[in-house]
Participant: 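Structure provided below as structure tokens; questions to follow.
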Amino acid sequence: MTNLAKQTYALLRKVPRGRVTTYKALADALGVKAYRAIGQILKHNPDAPNTPCHRVVASDGTIGGFMGQSSGAAIQKKIQMLQNEGIKIKGGKILQFNHVLFTFPTS
DNA sequence: GCGCTTATCGCAC
DNA sequence: GTGCGATAAGCGC
């Protein structure tokens with residue numbers, strides 16, 4: 001496990017329930033520009049139940065992808081999980097995205 | 001306003 | 001060493 005992945009998971013674990021973050025937020029918080037790399041890391045997800053990869057969405061508020069798929073039943077399940085946390089999703093996108101979006105302190 | 005292309009970085013094989 | 005990816009942002013039409 002590389003330091004980046006470790007940091008990514010660490011930040012993800014800091015995201016409180018009912019909140020979501022974006023790949024950009026994670027990458028920016030880590031000081032890297034590898035937005036796509038973040039997706040790779042989350043997809044590898046070594047601690048699935050402990051790493052809320054389903055709380056990570058695209059910068060547009062869209063779900064983005066889940067379980068290595070950009071669309072499919074997995075995505076709908078992800079949406080269901082988020083909705084279960086109190087997040088409203090419609091048409092595959094998060095409603096009040098700005099309200100549920102969780103950003104990390106830049107220090 | 002919508003769509004497409006380019007740029008970037010890390011991870012896996 | 002090379003290829004791929006769950007993105008983001010910018011430019012063009």
Side-chain angles (χ1 to χ4, degrees):
Chain A
M1 169 113 27
T2 59
N3 189 47
L4 181 67
K6 195 173 178 182
Q7 296 294 302
T8 305
Y9 297 129
L11 288 171
L12 201 55
R13 287 181 66 184
K14 288 166 72 174
V15 180
R17 177 183 161 288
R19 283 303 120 98
V20 294
T21 188
T22 67
Y23 300 101
K24 183 177 168 48
L26 287 165
D28 187 67
L30 296 177
V32 300
K33 222 161 26 169
Y35 314 117
R36 306 177 78 178
I38 304 297
Q40 291 249 207
I41 295 168
L42 296 183
K43 150 174 159 177
H44 294 171
N45 202 341
D47 261 316
N50 198 44
T51 309
C53 48
H54 61 272
R55 276 186 204 159
V56 186
V57 297
S59 62
D60 305 273
T62 46
I63 301 305
F66 191 57
M67 285 178 83
Q69 295 187 206
S70 50
S71 58
I75 303 299
Q76 310 210 11
K77 202 132 191 200
K78 175 172 175 176
I79 294 171
Q80 218 166 71
M81 291 163 71
L82 291 171
Q83 285 187 137
N84 188 40
E85 299 200 351
I87 299 172
K88 314 290 199 214
I89 302 179
K90 178 100 179 201
K93 344 186 255 196
I94 298 177
L95 301 181
Q96 298 176 62
F97 181 55
N98 186 45
H99 190 69
V100 298
L101 178 60
F102 180 83
T103 41
F104 307 97
T106 50
S107 283

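Here is how names work: the chains are called A, B, and so on, in the same order as the sequence lines, proteins then strands, and each is numbered from 1.
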Participant: Using the side-chain contact (heavy atoms from CB on, under 4.5 Å) rule, pick out the option among A:Val15, A:Ile87, A:Val56 that qualifies with A:Val20.
Facilitator: A:Ile87
Participant: Convert the base pairs of DNA chain C into dot-bracket notation, remembering that pairs crossing earlier ones are written with [ ] and that bases paired across to another strand are shown as |; include only Watson-Crick or G-U pairs under 3.5 Å.
Facilitator: |||||.|||||||
Participant: How long is the line joining NZ of A:Lys93 and C1' of C:dA6, in whole Å?
Facilitator: 18 Å
Participant: Could you state the CG-P distance from A:Asp28 to B:dC9, rounded to the nearest angstrom?
Facilitator: 13 Å
Participant: What contact category does A:Lys43 fall into here, base, sugar-phosphate, or nothing, at under 4.0 angstrom with non-hydrogen atoms?
Facilitator: base
Participant: Examine distances only and state if a side-chain atom of A:Lys24 and a backbone atom of A:Tyr35 form a donor-acceptor pair shorter than 3.5 Å.
Facilitator: no
Participant: Indicate whether OP1 or OP2 belonging to C:dT7 is found under 4.0 Å from a side-chain N or O atom of A:Ser59.
Facilitator: no
Participant: Roughly, in whole Å, what's the span from NE2 in A:His54 to P in C:dA6?
Facilitator: 19 Å
Participant: Round to the nearest Å and state the distance from A:Met1 atom CE to B:dA12 atom C1'.
Facilitator: 14 Å
Participant: Which of the following nucleotides, C:dA8, B:dG10, B:dC11, is nearest to the side chain of A:Ala58?
Facilitator: C:dA8
Participant: Starting from the C-alpha separation in whole Å, work towards a yes-or-no answer on side chain to side chain contact (heavy atoms under 4.5 Å, CB included) for A:Asn50 and A:Tyr9.
Facilitator: CA-CA 9 Å; A:Asn50 198 44; A:Tyr9 297 129; over 6 Å; no
Participant: Which residue, A:Thr22 or A:Ala34, contacts DNA chain C at a nucleotide closer to its 5' end, judged by nearest heavy atom?
Facilitator: A:Ala34
Participant: Is there a side chain to side chain contact (heavy atoms under 4.5 Å, CB included) between A:Ile79 and A:Phe66 once you walk through the steps?
Facilitator: CA-CA 10 Å; A:Ile79 294 171; A:Phe66 191 57; over 6 Å; no
Participant: Between atom CG in A:Asp60 and atom P in B:dG3, what is the gap in whole Å?
Facilitator: 12 Å
Participant: Quick check: closest heavy atoms across A:Arg55 and A:Arg19, and the distance to 0.1 Å?
Facilitator: CD-O, 3.4 Å
Participant: Atom CG of A:Leu30 and atom C1' of B:dC9: how far apart are they, to the nearest Å?
Facilitator: 12 Å
Participant: What is the distance, rounded to the nearest whole Å, between atom OH of A:Tyr23 and atom P of B:dG10?
Facilitator: 18 Å
Participant: Return the value, rounded to whole Å, for the distance between atom CD of A:Gln69 and atom C1' of C:dG5.
Facilitator: 14 Å
Participant: What nucleotide among C:dA9, C:dA6, B:dC11 has an atom nearest to a side-chain atom of A:His44?
Facilitator: B:dC11
Participant: Let me confirm one number: the CD-CG distance from A:Gln40 to A:Leu4, rounded to the nearest 0.5 Å.
Facilitator: 11.0 Å
Participant: DNA chain B: A:Gln40 or A:Arg36, which has the more 5' nearest nucleotide?
Facilitator: A:Arg36
Participant: For A:Met81, does the CE atom have more than 12 heavy-atom neighbours from other residues, nucleotides or ligands under 6.0 Å away?
Facilitator: yes
Participant: Of all the nucleotides listed (C:dA6, B:dG10, B:dC9), which has the minimum atom distance to the side chain of A:Leu4?
Facilitator: B:dG10
